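Have a look at the structure below, then the notes.
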Protein chains: 2
Amino acid sequence: MKATTRGIDEMNAGVDNCVEAGYRGAFPVRNILDRVGNKWSVMAVLRLGRRTERFRALLRAVDGISQRMLTVTLRGLERDGLVHRDVFDTLPPTVANSLTPTGLSLLTLITALADWAMQHEAAVKAARAEYDRRNG
Amino acid sequence: MKATTRGIDEMNAGVDNCVEAGYRGAFPVRNILDRVGNKWSVMAVLRLGRRTERFRALLRAVDGISQRMLTVTLRGLERDGLVHRDVFDTLPPTVANSLTPTGLSLLTLITALADWAMQHEAAVKAARAEYDRRNG
DNA sequence: TATGCGTGGTTCCCAATAGTAACCACGCTA
DNA sequence: TAGCGTGGTTACTATTGGGAACCACGCATA
């Protein structure tokens, strides 16, 4: 609560057209981020950024993911052209999952996000604790 | 399907320790991204990056969001210390929502992601169409 | 007077999605 | 012949996302 009421418009003086980029068109952004923001997709892309890996190896590497969720996740990434799937007809079958060039370009951003998350982890945790203390 | 079976390990020769950063610690990354990846959170942060805005204004600005989802989204962002909420006891009440410094630092990354989404929208759409054509 | 508008929410409820457990076939090995 | 490792699929359930409707308040308009 605050007693003063200097208008919001006043606060915004000169702030406009500061961050124009990235907001036009809303829809595509949302549409893409539905996949990008996905927990497992992020984990899979981060892992595949390190090395080409087959299904079972990914299953062991990505902590906590289930077999089905890995299948679903990889299918989604493949559908979006971010992951390339190479099936070798060996016995037992071998599937090599790797990032496509598009996937690699995204990896850069995801890595940046991961770094941000690690850098601000403490701050976010503190903010949450503080918020929860103040409210129920 | 491919006949050849040059091993995956061979394919990975020298690839390791290329993208080390961003993978250690998995958990915090996932934890943070749960919020970052959220559709509405991203839209709200992008919008608040442009200007401090009150509830109703955001409701109109963020296309397609419902009153409840905006409330939920803003609460989450506030809890994480990304959005600052200023309540003025005017009549009718005025609530000024703005990004905190932490929120601003995240905005940079989100803007980059949004730009990526716009740049690769066509490619992703094409990949999806191609995938759907090949499979059922 | 009552009907509507703008403020910023909350509560109820349902549909979609995330995610688990169990099953499949195949061949090799102990 | 029982188990393991390949890469899945199917059936089911828990959790969440999200819309519609409601709240109080004061001001205006008809």
Side-chain angles (χ1 to χ4, degrees), chain A residues 1-2 5 7-9 26-27 30-31 33-44 47-48 52-79 83-98 135-136, chain B residues 1-2 5 7-9 26-27 30-31 33-44 47-48 52-79 83-98 135-136:
Chain A
M1 292 275 195
K2 283 202 177 179
T5 311
I8 289 178
D9 287 338
F27 175 77
R30 188 186 315 184
N31 195 9
L33 285 171
D34 275 355
R35 173 127 304 114
V36 170
N38 179 295
K39 177 171 68 175
W40 297 126
S41 295
V42 170
M43 303 305 289
R47 182 69 193 179
L48 288 177
T52 293
E53 227 156 9
R54 53 196 302 189
F55 190 87
R56 280 288 146 178
L58 267 177
L59 196 58
R60 284 184 294 261
V62 178
D63 193 51
I65 197 170
S66 70
Q67 202 160 340
R68 194 186 93 94
M69 289 319 293
L70 182 54
T71 303
V72 170
T73 301
L74 287 176
R75 288 278 187 279
L77 291 171
E78 189 197 353
R79 177 165 182 263
V83 161
H84 179 64
R85 186 183 149 81
D86 250 336
V87 180
F88 303 98
D89 52 0
T90 55
L91 263 173
T94 301
V95 178
N97 300 282
S98 56
N135 310 275
Chain B
M1 292 273 196
K2 283 202 177 179
T5 310
I8 289 178
D9 286 339
F27 175 76
R30 190 186 314 186
N31 196 10
L33 285 171
D34 276 354
R35 174 127 303 114
V36 170
N38 179 294
K39 179 170 68 176
W40 297 127
S41 294
V42 170
M43 303 306 290
R47 182 69 192 180
L48 289 177
T52 292
E53 228 156 10
R54 53 197 302 190
F55 190 87
R56 280 288 146 178
L58 266 176
L59 196 57
R60 283 184 296 260
V62 178
D63 193 52
I65 198 172
S66 71
Q67 201 159 342
R68 193 186 93 94
M69 289 320 292
L70 182 54
T71 303
V72 170
T73 301
L74 287 176
R75 287 278 186 279
L77 291 170
E78 188 198 353
R79 177 165 182 264
V83 160
H84 179 64
R85 186 183 149 82
D86 249 336
V87 180
F88 303 99
D89 52 0
T90 55
L91 263 173
T94 301
V95 178
N97 299 283
S98 56
N135 310 277

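Keep in mind it's a predicted model, so treat the numbers as computed, not measured. Convention: sequence-line order gives letters A, B, ...; per-chain numbering from 1.
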Q. A:F88 CZ to D:dG8 P: how many Å, rounded?
A. 13 Å
Q: Answer yes or no: does a side-chain N or O of B:R54 lie under 4.0 Å from OP1 or OP2 of C:dT7?
A: no
Q: Nearest whole angstrom, please: distance from the C1' of D:dC25 to the CG of B:D89.
A: 14 Å
Q: Would you please confirm or rule out a distance under 4.0 Å between OP1 or OP2 of C:dT7 and any side-chain N or O of B:R60?
A: yes
Q | pair B:S98-B:V83: side-chain heavy atoms closer than 4.5 Å | A | no
Q: For side-chain contact (heavy atoms from CB on, under 4.5 Å), just list the numbers for B:V95 and B:D86, CA-CA rounded to whole Å, side-chain angles, deciding distance to a tenth of an Å, and then say yes or no.
A: CA-CA 6 Å; B:V95 178; B:D86 249 336; over 6 Å; no
Q | d(CG, B:L58; P, C:dT7) in whole Å | A | 12 Å
Q | Protein-nucleotide distance (B:L59, atom CG; C:dC5, atom P), rounded to Å | A | 16 Å
Q | Contact nearer the 5' end of DNA chain C, comparing A:L91 with B:R85 | A | B:R85
(Q) Looking at every heavy atom in both A:W40 and A:T73, which two are closest together, and how far apart are they? (A) CB-OG1, 3.4 Å
Q. Within this structure, what is the CG-to-P distance between A:L70 and D:dG5, rounded to whole angstrom?
A. 17 Å
Q: Find the distance between OG1 (B:T94) and CG (B:D89) and round it off to the nearest 0.5 Å.
A: 9.0 Å
Q. What string of B, S and - do you get for nucleotides 10-21 of chain C, 5' to 3', if B is base contact, S is sugar-phosphate-only contact and - is no contact with any protein heavy atom under 4.0 Å?
A. BBB------BB-
(Q) What I want to check is whether an N or O donor and acceptor connect the side chain of A:R56 with the base of D:dG5 at under 3.5 Å. (A) no
Q | Any side-chain heavy-atom pair of B:R85 and B:L74 under 4.5 Å | A | no
Q: With the side chain counted from C-beta on, respond yes when A:V62 and A:M43 share a heavy-atom pair under 4.5 Å apart, and no when they do not.
A: yes
